[in-house]
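All residue numbers in this chain count up from 1 along the given sequence. Every number for a ligand or one of its atoms is a count from 1 in the order of the listing. Fair warning: this is a prediction, and the values are worked out from it, not measured in the lab.
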Amino acid sequence: MAPAGNRRVQVAIIGAGPAGMFLAHLLHEARVDCVVLELRSREHVVSRVRAGVLERTTVDLMKRLGLSERVTREGLVHGGTTLAVNNDPFHVDFDELAVGAAITVYGQSEVMKDLNRAADERGIEVIYEAADVQPQGLDSDTPWVTWKSPSGLHRVDCDFVVGCDGFHGVSRGCIPREVLKIFERTYPFGWLGLLADVPPCNHELVYANHERGFALASMRSPTRSRYYLQCSLQDRVEDWSDDRFWEEFALRIGDCFAQRITRGPSFEKSIAPLRSFVCAPMCWGRLFLAGDAAHIVPPTGAKGLNLAAADVIVLADALRRFYAGGSRSGIDGYSDRALARVWKAERFSWWLTNLTHRFPHMDGFDRQMQIAELEYLRSSPAARSAFAENYVGLPLEI
Ligand code: APR
Ligand code: PHB
């Protein structure tokens, strides 16, 4: 029994990023009541610039939750992508894997806007600017979460706490150190990203392996380009004027696409480090972790948001079954089930990063291995099909 005066929900969710908000909608659909506690402001969460590639599973989730009106209208459906090495691009057609296989280009900020707008309409409660969020009693059947706001200290009692609070959140640290295994790889470079209101240099994405480092041509719409350059971790954004960026990008992306670059002023430029990270298990007592709280992928392949969505599909189904009939099998199996898929996406993101980036200590042999693997992809339908299978997203059952 909750002490008199305390608020109670079935599930308390920490973090209102994609993982937390997709989960809140899934629980709402399953008639499981929840509250979302978010450290930052709503504007801050929406305006963070992140990747913009949705797998079929993620678009299907948006459809299922009645959130797909805009993504269906405005999302750019791509049936392939281009890889380039030695200034010589080749195309990977996702149809080689399965007819109709595709990804949808739609920015994470747009996904967040759709999630938040529908949350307002559905009465899903999100408490923004919740400071010092603390999950407690996680090894009991009656956990609770406290947080602070300008009006004081607050508490909500619950059956389960879900940590959707990203890599730097508070939840993962609640799992005892002797229980939690960490697997990690950092990379000796970063990505410098630029957003500009200019038409993209290609109708699909281009991943370029260049002697001077990796480059990626992506987009947000037919009039907005999102371009990236591999850069040194010592670089600062101020070191990269727009002119320097455009010169270097034209060089690395290769002659064929360089001719079609429209240069223009950037309105966002930032540097992000790259990391592969997995913690296991993704649960402890009455705490579950989902999304970046449990795993990070390097951005190559844009799997982060999609993995977060896949985690919460599995978790919401487990919680729905628990509340429908008291079965614990779903919640007990959540970590193993989610991790099985997470590791496959970790492998693909790590592989694609290794294949396309210049590492500081690479020798001639390492470089030839990259070239040979890319040439193998160019010449082998089987290799391209395996690439496409991972790139468009593995089925949820795997
Ligand atoms: N208390 C409450 N909220 C917190 C706390 C905390 N102590 N710490 C972090 N948060 C919030 C962050 O402000 C953020 O809004 O948790 C949210 C986590 O969101 P993301 O970092 O976006 O992580 P996730 O929802 O798992 O999404 C995974 O989306 O943002 C991308 O790079 C990310 O692609 C990845 C995917
Ligand atoms: C992006 O558009 O931001 C993006 C696209 C593909 C990636 C990474 C990032 O692999």
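In this comparison of Tyr207, Tyr227, Tyr228, the heavy atom closest to atom 4 (C) of ligand 2 sits on Tyr228. Residue Ser218 holds the heavy atom nearest to atom 2 (O) of ligand 2 of all those in Gly52, Ser218, Gly193, Ala217.
Residue-level proximity to ligand 1 for Leu39 is carried by backbone and side chain together, each with a heavy atom below 4.0 angstrom. Both the backbone and the side chain of Asp165 come within 4.0 Å of ligand 1, judged by heavy-atom distances. Residue contacts with ligand 1 for Asp292 involve both N, CA, C or O and side-chain atoms from C-beta outward (heavy atoms, distance under 4.0 Å).
The ligand atoms of ligand 2 that sit less than 4.0 angstrom from a heavy atom of Ala302 are 6 (C), 7 (C), 8 (C), 10 (O).
What sits closest to atom 14 (C) of ligand 1 on the protein, heavy atoms only, is Arg48 NH2, 3.2 Å.
Distances from ligand 1 to the non-hydrogen atoms of Pro18 include at least one value under 4.0 Å. Contact analysis leaves Tyr106 out of contact with ligand 2, as no non-hydrogen atom separation drops below 4.0 angstrom. In this structure, Cys164 is part of the shell of residues with a heavy atom less than 4.0 angstrom from ligand 1.
Of the possible polar contacts, one joining the Glu38 side chain to the Arg40 backbone as a donor-acceptor pair under 3.5 Å is found.
An N or O contact shorter than 3.5 Å is missing between Val45 and ligand 1 by distance.
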